[in-house]
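Please read the structure below before turning to the comments.
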There are 2 protein chains.
Amino acid sequence: MQKKEISKAVINRLPRYYRYLGDLLEKDVVRISSKELSERMKVTASQIRQDLNNFGGFGQQGYGYNVEYLHSEIGKILGLDRKYHMIIIGAGNLGQALANYADFDKKGFFVKAIFDINPNLIGSQIRGIEVKSMDELEDYLISNKVDIAAITVPKTKAPGIASDLARLGVKGIWNFAPTDLNLPKDVTVENVHLIDSLMKLSYRLSEKDEE
Amino acid sequence: MQKKEISKAVINRLPRYYRYLGDLLEKDVVRISSKELSERMKVTASQIRQDLNNFGGFGQQGYGYNVEYLHSEIGKILGLDRKYHMIIIGAGNLGQALANYADFDKKGFFVKAIFDINPNLIGSQIRGIEVKSMDELEDYLISNKVDIAAITVPKTKAPGIASDLARLGVKGIWNFAPTDLNLPKDVTVENVHLIDSLMKLSYRLSEKDEE
DNA sequence: ATCGTCCTGTGATAAAATAAACAACAGTAT
DNA sequence: ATACTGTTGTTTATTTTATCACAGGACGAT
């Protein structure tokens, strides 16, 4: 159906549009033009219009866009109109931070279990979510359709665990380990490389220092 | 000195090159060609060569690149040859996770203090780093040159805190709050929007479902 | 109702990013 | 030595992305 390939750059911008529209919605803003939105978001109006028109015409000439409608439509595009069964592998600080982040629930991402190898953690609960042993992972994946697994384990263990997850049918991996995962192409990997992000910041700081 | 503007896309790739070269270094690989690196990293060899040549010729015809040298040079480009005084604002789970992440130290990012408003946390230590009261922040910034502040506070508080930090001379902000910060342009902001990342994953999962 | 203004959707244009191509040169084998 | 192979740095071509420009439709004022 959706014939034309949507560029990655467009997809990167969509969540940001969604966030801004959500903010406007909270402020009870009813309508907004691409021009006004562009000024707030520091992008060109043309880009907003063109990005949106990859998916259809959501606006109206002489009026602009209805904030609630556009927000909802972008949500649908992003797949936020469904629910995701999510698990977290690794109950370290980062894993716990993710488990505690209630905002994910609101967007349809439900963390149902956390897995770890640390006996001190196994059996405990984080925000009502049970920490299970890694030994239980396989059984869990067999009896539950897990959509997304967040990986927050050390770099060395990540590739092996990711392969296991892929083998057992997990199609979405949210990878926080500072390494790239090579998985079959039916598995979607989204990386969050914090150290890369910090290095980018460091680059830009150094660059400015040289001026 | 550095006349030509380096594109953002190039900067995004540098940390990844750096990571791969670090891995090769650990495996005692001495030399590598752009072709071999391109195969491992799933990019074109041409792109690697072109990216690197923005900064100078690090390789040798008929030989390739010396891994250690190239790693070190990219490190310099990224500003990893200096030390950064870093603080964390917000000692919640994410703040604690960052404080506990020892790898930052290795790259020259030293977390020296954490600030929070929670009286139960103030005075405690995380990996030897003291949690201080937000009331002490201003004094701390006056008596210490802070290079980078990581913001891990709720969305509503982030913009105000960021402005304070900017006013008090912090030039680098690592922002984990799910909102964009509008700061003077001498302040560099690097955003880590986890929810955006998750939405991108969700988009790609939904997209595949439709096939 | 009519006119003028506003603003979208989209086709044309410009700019930027990526990939391909290749000359030149170092290393290696014969 | 000499020729061959491999691989860079860089130029050129191609593709992709972003911006500009505008026709035409919708709204609101009069």
Side-chain angles (χ1 to χ4, degrees), chain A residues 2-17 20-21 24 29-74 77 200 203 207, chain B residues 2-17 20-21 24 29-74 76-77 200 203-204 207:
Chain A
Q2 204 172 274
K3 217 68 213 172
K4 63 187 161 222
E5 188 71 29
I6 306 296
S7 102
K8 211 172 178 179
V10 174
I11 306 310
N12 282 334
R13 286 189 291 264
L14 285 183
R16 190 150 172 265
Y17 295 148
Y20 269 76
L21 289 164
L24 291 172
V29 177
V30 174
R31 66 184 248 193
I32 192 157
S33 69
S34 59
K35 181 155 176 283
E36 203 185 329
L37 192 58
S38 78
E39 283 158 7
R40 290 168 182 260
M41 299 192 62
K42 310 278 173 67
V43 294
T44 64
S46 177
Q47 181 161 72
I48 293 175
R49 293 205 300 276
Q50 212 168 41
D51 283 351
L52 297 178
N53 275 94
N54 281 300
F55 304 98
F58 303 120
Q60 211 161 12
Q61 289 155 325
Y63 177 88
Y65 299 89
N66 177 285
V67 173
E68 189 172 358
Y69 174 68
L70 185 57
H71 182 260
S72 148
E73 286 299 311
I74 295 180
I77 293 165
K200 278 188 268 176
Y203 171 82
E207 186 187 35
Chain B
Q2 203 172 275
K3 216 69 212 173
K4 65 189 162 219
E5 188 71 26
I6 307 297
S7 101
K8 211 170 175 178
V10 174
I11 307 308
N12 282 333
R13 286 190 292 266
L14 285 182
R16 188 149 173 265
Y17 296 149
Y20 269 76
L21 289 164
L24 291 171
V29 177
V30 173
R31 66 182 247 192
I32 192 155
S33 68
S34 59
K35 181 155 176 284
E36 202 184 331
L37 193 57
S38 78
E39 282 157 7
R40 290 168 184 259
M41 298 192 62
K42 311 276 175 64
V43 294
T44 64
S46 177
Q47 181 160 74
I48 292 175
R49 294 204 300 277
Q50 216 168 36
D51 283 351
L52 296 178
N53 275 96
N54 281 300
F55 304 97
F58 304 119
Q60 210 161 14
Q61 289 156 328
Y63 177 88
Y65 299 88
N66 176 285
V67 174
E68 189 173 356
Y69 174 67
L70 186 56
H71 181 260
S72 147
E73 287 298 310
I74 295 181
K76 283 185 207 164
I77 293 165
K200 278 188 267 177
Y203 171 82
R204 290 196 281 149
E207 185 187 35

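Since we're looking at a predicted model, the values are computed, not measured. Excluded from the calculations below are hydrogen atoms, water molecules and symmetry mates; all remaining heavy atoms, backbone and side chain alike, are included. The chains referred to below are lettered A, B, ... by the order of the sequence lines, with proteins before strands, and numbering in each begins at 1.
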Side chain of A:Ser46, base of D:dC20: donor and acceptor closer than 3.5 Å?
->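 Between D:dC20 and A:Ser46, which were checked side chain against base, a qualifying N/O pair under 3.5 Å is present.
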Ignoring hydrogens and angles, answer whether the base of D:dT19 and the side-chain atoms of A:Gln50 contain a donor-acceptor pair closer than 3.5 Å.
->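 Answer yes: a donor N or O sits under 3.5 Å from an acceptor.
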Length of the line joining [X]:[atom1] and [N]:[atom2], which is rounded to integer Å:
| X | N | atom1 | atom2 | answer |
| --- | --- | --- | --- | --- |
| B:Ile32 | D:dG6 | CD1 | P | 16 Å |
| A:Glu39 | C:dC7 | CD | P | 11 Å |
| B:Asn53 | C:dA17 | CG | P | 17 Å |
| B:Ile48 | C:dA19 | CD1 | P | 11 Å |
| B:Asn54 | D:dT10 | CG | C1' | 12 Å |

How far apart are the closest heavy atoms of [X] and [Y], and which atoms are they?
| X | Y | answer |
| --- | --- | --- |
| A:Asn12 | B:Lys200 | OD1-CD, 3.0 Å |
| B:Ser38 | B:Thr44 | CB-C, 3.6 Å |
| B:Gly57 | B:Asn53 | CA-ND2, 3.9 Å |

Identify the residue among A:Phe58, A:Tyr17, A:Phe55 that makes a side-chain contact (heavy atoms from CB on, under 4.5 Å) with A:Ile74.
->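 The residue from A:Phe58, A:Tyr17, A:Phe55 that satisfies side-chain contact (heavy atoms from CB on, under 4.5 Å) with A:Ile74 turns out to be A:Tyr17.
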Which of these, A:Glu36, A:Gln60, A:Arg49, sits in a side-chain contact (heavy atoms from CB on, under 4.5 Å) with A:Tyr65?
->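 Only match with A:Tyr65 under side-chain contact (heavy atoms from CB on, under 4.5 Å): A:Arg49.
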Report yes if at least one side-chain N or O of [X] is closer than 4.0 Å to OP1 or OP2 of [N]; otherwise report no.
| X | N | answer |
| --- | --- | --- |
| B:Arg49 | C:dC22 | no |
| A:Ser7 | D:dT16 | no |
| B:Tyr65 | D:dG6 | no |

Find the distance between CD (B:Gln50) and OG (B:Ser34) and round it off to the nearest 0.5 Å.
->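 Atom-to-atom, B:Gln50:CD and B:Ser34:OG are 11.5 Å apart.
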Are B:Arg13 and B:Gln47 side-chain neighbours, meaning at least one heavy-atom pair lies under 4.5 Å?
->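 Side-chain contact under 4.5 Å: yes.
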Given that B:Gly56 and A:Asp51 both sit by DNA chain D, which one's nearest nucleotide is further toward the 5' end?
->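 This one resolves to B:Gly56.
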Give one of base, sugar-phosphate or nothing for A:Thr44, where a contact means two heavy atoms less than 4.0 Å apart.
->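 Sugar-phosphate, no base atom in range.
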Readout for nucleotides 25-30 of chain C: B = base within 4.0 Å of protein heavy atom, S = sugar-phosphate only, - = neither; 5' to 3' it is BSS---
From the list D:dT19, C:dG9, C:dT8, which nucleotide is the closest neighbour of the side chain of A:Gln47?
->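 Of D:dT19, C:dG9, C:dT8, D:dT19 is nearest to the side chain of A:Gln47.
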